[in-house]
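The shown structure was predicted, so the numbers you read here are calculated from the model rather than taken from an experiment. In the text below, chain A, chain B and the rest are named by the order of the sequence lines, each starting its count at 1.
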There are 2 protein chains.
Amino acid sequence: MSMAEFKGKVKHIQDTPFGYTLSVIGGKWKMVIIYLLAENGPVRFNDLKRQIGVITYKMLSAQLKELEADGMVKRTEYPQVPPKVEYSLTKKAETLLPVLEELCEWGVKNQNPPIT
Amino acid sequence: MSMAEFKGKVKHIQDTPFGYTLSVIGGKWKMVIIYLLAENGPVRFNDLKRQIGVITYKMLSAQLKELEADGMVKRTEYPQVPPKVEYSLTKKAETLLPVLEELCEWGVKNQNPPIT
DNA sequence: CCGAATCCGATAAGATACTG
DNA sequence: CAGTATCTTATCGGATTCGG
């Protein structure tokens with residue numbers, strides 16, 4: 001890598017705080033999962049799948065694992081038969097809810113806007 | 001209108017205002033594109049590609065088309081050689097910027113949190 | 001030349017059967 | 001019930017090509 005290649009190099013979005021936010025909530029289903037966990041409290045795996053509707057087991061499992069790794073979702077396993085696992089939001093995730101509310105409000109205002 | 005007001009009323013997330021918002025900005029690169037257009041004003045195709053860094057021509061082109069179809073991005077073509085096309089945000093997209101700003105602030109607060 | 005479409009191999013996502 | 005394993009299908013990345 002030469003000096004010339006560095007010259008005028010733009011800072012990549014991935015390295016910004018905004019990029020961090022996107023890495024945490026930018027997955028295809030992550031905001032939906034957070035939205036539903038916020039509404040319906042601690043919820044079991046299959047319930048969550050039913051609420052999302054079209055997601056597959058594999059995707060839900062993967063997204064939950066990533067959200068857990070990023071400290072957004074808490075996984076609670078109850079040692080019983082049949083197994084019971086509940087997912088809920090962490091405090092960190094709850095600090096994001098007001099912003100998601102605003103995204104929701106933006107949707108209300110822009111989904112079927114009056115023709116002006 | 002808040003997220004909580006939809007509790008128990010809607011079966012599928014995609015039919016809610018929040019689902020609409022996600023359909024508009026939920027694509028893999030869409031928030032990044034809006035963010036960069038907001039910061040750097042009208043910008044040309046290849047400049048935008050350079051700023052994003054890792055995106056391919058194909059993806060950038062597709063995402064811009066979808067954003068344009070959703071009324072978020074304005075495409076201005078200048079009839080000259082070599083071709084020049086500038087992309088900029090619409091007023092609709094600008095109403096979303098305060099929310100994106102909050103997502104950015106959330107990233108600032110949560111990217112490298114103190115160990116507690 | 002710049003913006004963008006095309007072709008193709010690589011990768012991610014979907015469907016569903018299966019296990020502890 | 002809560003996930004995995006496996007196979008199929010759709011999407012994406014990268015190079016190349018095209019059109020103005």
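Taking a cutoff of 4.0 Å between a charged side-chain nitrogen and a carboxylate oxygen, B:Glu66 and B:Lys30 qualify as a salt bridge.
Grouping the Ile, Leu, Val, Met, Phe, Trp and Tyr side chains by contacts below 4.5 angstrom, directly or via other members, places A:Leu100 apart from B:Val108.
Scanning both residues, A:Leu89 and A:Leu97, for their nearest heavy atoms gives CD1-CD2, 4.1 Å. When every heavy atom of A:Ile25 is checked against every heavy atom of A:Met31, the shortest pair comes out as O-CG, 3.5 Å. Nearest heavy-atom pair across A:Leu103 and B:Val99 is CD2-CG1, 3.5 Å. Heavy-atom minimum distance, B:Asn110 versus A:Lys92: OD1-CG, 3.6 Å.
Of all the residues in residues 60-84 of chain B, B:Ser61, B:Lys65, B:Arg75, B:Pro82, B:Pro83 reach under 4.0 Å from DNA chain C with at least one non-hydrogen atom. Only at 4.0 angstrom or more do the heavy atoms of residues 19-30 of chain B sit from any atom of DNA chain C, so none qualifies.
The distance from atom CD1 of B:Ile55 to atom P of D:dT11 is 17 Å, rounded to the nearest whole Å. As a whole-Å value, the separation of A:Asp47 CG from D:dA2 C1' is 12 Å. In this structure, NZ of A:Lys49 is placed 12 Å from C1' of D:dA2, rounded to the nearest angstrom.
For C:dG3, the OP1/OP2 oxygens have a side-chain nitrogen or oxygen of B:Asn46 closer than 4.0 Å. Contact annotation: A:Tyr87 reaches the phosphate of D:dG3 (side-chain N/O to OP1 or OP2, under 4.0 Å). Note on A:Arg44: every side-chain N or O is 4.0 Å or more away from OP1 and OP2 of D:dC1.
The side-chain heavy atoms of B:Lys28 and B:Ile55, taken from C-beta on, include no pair separated by under 4.5 Å.
From one end of the helix from C:dC1-D:dG20 to C:dG20-D:dC1 to the other, with five pairs defining each end axis, the axis direction shifts by 30° (rounded to 10°).
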Open item on the list: Show, in sequence, the C-alpha distance, side-chain angles and deciding distance for B:Lys74 and B:Tyr87, and conclude whether the side chain to side chain contact (heavy atoms under 4.5 Å, CB included) test is met.
Closed with: CA-CA 6 Å; B:Lys74 180 164 171 252; B:Tyr87 293 91; over 6 Å; no
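The distance from atom OG of B:Ser23 to atom CD of A:Gln111, rounded to the nearest 0.5 Å, is 7.5 Å. Remark: A:Ile33 CD1 to A:Leu60 CG distance equals 5.5 Å, nearest 0.5 Å.
The side chain of B:Met59 sits closest to D:dG13 out of C:dA17, D:dG13, C:dG3.
Residues meeting the ring pair (Phe, Tyr, Trp, His ring centres under 6.0 Å) test with B:Tyr35, sequence neighbours left out: A:Phe18. Listed by chain and residue number, A:Arg44, A:Tyr78, A:Gln80, A:Glu86 satisfy the side chain to side chain contact (heavy atoms under 4.5 Å, CB included) test with A:Lys84 (two or more places apart in sequence, or in another chain).
Between A:Tyr57 and A:Phe45, the ring planes are parallel. Angles under 30° get that label, and only those over 60° would be called perpendicular.
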Which atoms of nucleotides 6-11 of chain C (N or O only) lie under 3.5 Å from a protein N or O atom, and what are those distances?
none

